[in-house]
Amino acid sequence: MQGKIPYLKFHLAQFNIAKMAGGDINDPVMAGFVELQEEINKLGEQSPGFIWLLKGNGTTSAAEFRPYDDRRLIINLSVWEDIESLEKFVFSGRHKDILTHRKEWFSRLEEAYQVLWWIAAGKIPTIPESVDQLNYLKATGPSQKAFNFRKKFAPPIAADTLNIL
């Protein structure tokens, strides 16, 4: 009996890290970033294609999560419908304005600090999974499994994902 290949919809997971210029999020050098964080997160949540954002207890920030030994590393984890929606949010409007000031708040990281990957629609990525994805990108470079804005990959097709072919 021959069945139909099920259609799977995929969403884009996005994880990035940043190294604070200050000792912690309450350091005065981080004040400008902290002031803008809620506004930017709300804009993201209202953007076309936005699905989910990691937040702390009762906050609009993920700053309380520290999966790395270096306590100056903060994270951001979100899910989007597609790459185009995320790119539009990140590289235009108010968020683009924020990017021009990032050197005031964050130290430069020499290695990959952001990773994108496709997940089944409805799935929420975990922090450990996100750290693993970033480590994979650092170790192997961009691929279908883990990539970045410079080298993007389309979502997999159901047959690839289900190992049907």
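Numbering of residues begins at 1 and proceeds along the displayed sequence. Just so it is clear, the model here is predicted, and its values are computed rather than measured.
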Any chance you could lay out the side-chain contact (heavy atoms from CB on, under 4.5 Å) test for I25 and V34, step after step, and finish with the verdict?
-> CA-CA 7 Å; I25 199 74; V34 171; 3.7 Å; yes

Between Q114 and N76, does any side-chain donor sit less than 3.5 Å from a side-chain acceptor?
-> no

Return yes if a side-chain donor-acceptor contact under 3.5 Å exists between T100 and D97, otherwise no.
-> no

Please say which of I51, L53, N16 ends up in a side-chain contact (heavy atoms from CB on, under 4.5 Å) with S78.
-> L53

Taking only residues two or more places apart in sequence or in another chain, which ones pass salt bridge (charged side-chain N to carboxylate O under 4.0 Å, His left out) with [X]?
{"X": "D69", "answer": "none"}
{"X": "K88", "answer": "none"}
{"X": "E129", "answer": "K123"}

Once the angle between the rings of F15 and Y68 is folded into 0 to 90°, is it parallel (under 30°), tilted (30 to 60°) or perpendicular (over 60°)?
-> parallel

For the pair F33 and F106, name the ring-plane relationship: parallel under 30°, tilted 30 to 60°, perpendicular over 60°.
-> perpendicular

Do Y136 and I75 share a hydrophobic cluster, counting only Ile, Leu, Val, Met, Phe, Trp and Tyr and linking them when any side-chain heavy atoms are less than 4.5 Å apart?
-> no

So, the side chain of Q133 versus the backbone of P128: is there a donor-acceptor pair under 3.5 Å, distance only?
-> no

Would you find a donor on one side and an acceptor on the other, under 3.5 Å apart, between the side chain of S85 and the backbone of E81?
-> no

Option passing salt bridge (Lys or Arg N to Asp or Glu O under 4.0 Å) with K42 (candidates E38, E39, E45) | E38

K19 and D70: CA distance, side-chain angles, deciding distance, salt bridge (charged side-chain N to carboxylate O under 4.0 Å, His left out) verdict | CA-CA 9 Å; K19 188 172 188 173; D70 186 339; 3.4 Å; yes

Mind checking the CZ-CG spacing from F147 to L116? Nearest 0.5 Å is all I need.
-> 5.0 Å

If you round to the nearest 0.5 Å, how far is CE of M20 from CG of D27?
-> 8.5 Å

Ring center gap for W80 and F50 short of 6.0 angstrom | yes

Hey, mind stepping through I127 and L54 against side-chain contact (heavy atoms from CB on, under 4.5 Å) and telling me if it holds?
-> CA-CA 9 Å; I127 294 172; L54 176 67; 3.8 Å; yes

Return yes when atom NZ of K151 has more than 12 non-hydrogen atoms of other residues, nucleotides or ligands closer than 6.0 Å, and no otherwise.
-> no

